[in-house]
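Down below is the structure, laid out as structure tokens.
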Number of protein chains: 2
Amino acid sequence: MIVTSSIPVKTLERLLLYRWTLKNYLDPENTHIVSRRLSEITGFSPAQIRRDFMSIGYSGSSAHGYKIKDLINAIDKAICPHSAQNIAVAGIGQLGKAVINYIQGRSTLLKIKAAFDNDPEKINKVFHGVRTYHTDEIEKIIRKEDISMAILALPPANAQEIAMNLVNAGVKAFLNYSPIKLNLPEHVYIENRDMLLAVEKIAYFARSLKKGTDENEGIS
Amino acid sequence: MIVTSSIPVKTLERLLLYRWTLKNYLDPENTHIVSRRLSEITGFSPAQIRRDFMSIGYSGSSAHGYKIKDLINAIDKAICPHSAQNIAVAGIGQLGKAVINYIQGRSTLLKIKAAFDNDPEKINKVFHGVRTYHTDEIEKIIRKEDISMAILALPPANAQEIAMNLVNAGVKAFLNYSPIKLNLPEHVYIENRDMLLAVEKIAYFARSLKKGTDENEGIS
DNA sequence: TACTACCTGTGAAATATTTCACAGCAGAAT
DNA sequence: ATTCTGCTGTGAAATATTTCACAGGTAGTA
């Protein structure tokens, strides 16, 4: 058995997107898909798609392309959880609730099991099946619910401290929507999703494309 | 004068982060910064940081490093708007409101000028200074307010159609939080931010890091 | 002035990622 | 059975991105 090293992050991201796309595409009419078609849908090149599937060891047929059901299974095996992984949301303001709204129920194995906040008003309220606890209870609840991931949707002032508490309780990976650079131990994974930076990024492209007759005019 | 071609996307992202970091770092004590220090804060290597600044033509001093104020200006000149750019939010549910909450007021030149929804309950309400209009008015409002960018926070069912209406009205770039692959003309820029994919991504790392004594065990 | 320490800017090397291009296969058609 | 078509898998090339490593600069110190 070949024990390959880990999948490159970019490949991982594409695989997740293929998986999601394929689930939508699959129906009795469409049991198979060829790389060119998937390319049209996702925007990645056919060659890249084939290479990505190669990287997880899935082979298609030269006549019908890839069998969608098997392909999804292969992606699952390579990069999706085999057992439940539980999530906490820190900060149960508008964004925290939006995240719960958005995530909860969309995955069978990834579940939000608790929310944390320090506003007494919010404690013990249940939203979409998620109970909010006081941040003092992080240690206890994280261990009790076996939570290994957290989504931060907090005001920046508290984010660092609360993230550190979560790490100490056993959280290994963060999705950080708070506009702050977290300073956490090396072994913790952090994915930053600052909305303002995202808007600034698209603003750059909106400008480049504004009057552009061609696409290359980043700096003038 | 050298008219370089456009900045690579990854460099752009880092520059935006430097800019934000530097703004926080700047105070009477810290007028200058060296690449090593900025590396400690941002996690990018000193060589990369120097090269990024090189790419926008900003030079530091070999004695004191980079003068923060000038550096921020140089980044502004290279990648930030020189005049106002207006934004619309499509879908004024929990996520749409969270986005407005988060963005509005954090940038002087990027402003959310309108929201769209088709729930009659929401029309004409004003939230953080942003009025919600019916989606039928997209064409009119986008042109009136000179909006070139849109943030999509809609249920997937409507997203494609509304995005297309926005494009027809003149929107050039999208930040898409709806879990859907948009099919829009080539010249439109789309930045996808599906939250579920983001969670699945961190879940992958949470697993790899769970019991790992070393960091390379993506597939076992 | 001379020496030290530490920094930037950058060519060149290293690495990572994507694309090219084609051999080889499998079903369809005749 | 043979030919045709269109697809996958993949070595090799191309491209993009990051790091190395060091020349050269500037301030501080004696």
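Sequence lines set the chain letters: A, B, ... in the order given, protein chains first and strands last, and positions in each chain run from 1.
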- Message: Heavy-atom nearest nucleotide on DNA chain C for B:Arg36 versus A:Asp52: which residue maps closer to 5'?
- Response: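 Upstream on the strand: B:Arg36.
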- Query: Which comes earlier along DNA chain C counting from the 5' end, the contact point of A:Arg50 or that of B:Ile33, where each point is its nearest nucleotide?
  - Reply: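 First, find each residue's nearest nucleotide; the 5'-ward one identifies B:Ile33.
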Would one find a side-chain N or O of [X] under 4.0 angstrom from OP1 or OP2 of [N]?
X	N	result
B:Ser59	C:dG9	yes
A:Arg14	C:dT17	no
A:Ser45	C:dT18	no
A:Ser35	D:dT8	yes

To the nearest Å, how far apart are [X] [atom1] and [N] [atom2]?
X	N	atom1	atom2	answer
B:Tyr58	C:dC7	OH	C1'	14 Å
A:Phe53	D:dT8	CZ	P	10 Å
A:Met54	C:dT19	CE	P	15 Å
B:His32	D:dG28	NE2	P	12 Å
A:His64	C:dG27	NE2	P	6 Å
A:Glu13	C:dT17	CD	P	11 Å
B:Leu38	C:dC6	CG	P	19 Å
A:Glu40	D:dC7	CD	P	10 Å

- Message: Checking contacts here: which listed nucleotide (C:dT18, C:dT8, C:dT19) is nearest the side-chain heavy atoms of B:Tyr66?
- Response: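 Of the options given, the side chain of B:Tyr66 lies nearest C:dT8.
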- If you check every side-chain atom of B:Val34, which of D:dT19, C:dT8, D:dT10 has the closest atom?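 The nucleotide sitting nearest to the side chain is C:dT8.
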- Message: Under 6.0 Å between ring centres: does that hold for B:Tyr189 and A:Tyr204?
- Response: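 No - the distance between ring centres of B:Tyr189 and A:Tyr204 does not fall below the 6.0 Å cut-off.
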- Task: Mark yes when over 12 heavy atoms from residues, nucleotides or ligands other than A:Glu161 sit less than 6.0 Å from its CD; otherwise mark no.
- Result: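 12 or below, so no.
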- Looking at side-chain heavy atoms only, is the closest gap between B:Pro179 and A:Trp20 below 4.5 Å?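 SC-SC contact between B:Pro179 and A:Trp20 confirmed.
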- Task: Establish whether the base of C:dC25 is bridged to the side chain of A:Ser62 by a donor-acceptor pair shorter than 3.5 Å.
- Result: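 Yes, the side chain and the base share a sub-3.5 Å donor-acceptor pair.
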- Message: Given the structure, check if the side chain of B:Arg51 and the base of D:dT19 hold any donor-acceptor pair shorter than 3.5 Å.
- Response: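 For B:Arg51, whose side chain was compared with the base of D:dT19, there is a donor-acceptor pair (under 3.5 Å).
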- Sugar-phosphate, base or nothing in reach of B:Pro8, heavy atoms under 4.0 Å: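 Answer is sugar-phosphate: B:Pro8 comes under 4.0 Å of backbone atoms only.
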- Task: Describe the nucleic acid contact of A:Thr11 in one word from base, sugar-phosphate, nothing, applying a heavy-atom distance below 4.0 Å.
- Result: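 Nothing, no nucleic acid heavy atom in range.
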- Side chains of A:Asp194 and A:Tyr177: is there a donor and an acceptor less than 3.5 Å apart?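 Their side chains do not contain a donor-acceptor pair, so the 3.5 Å distance test is not met.
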- Take B:Glu13 and B:Lys10 through the test salt bridge (Lys or Arg N to Asp or Glu O under 4.0 Å) and record every step on the way to the result. CA-CA 5 Å; B:Glu13 289 174 351; B:Lys10 291 187 138 189; over 6 Å; no
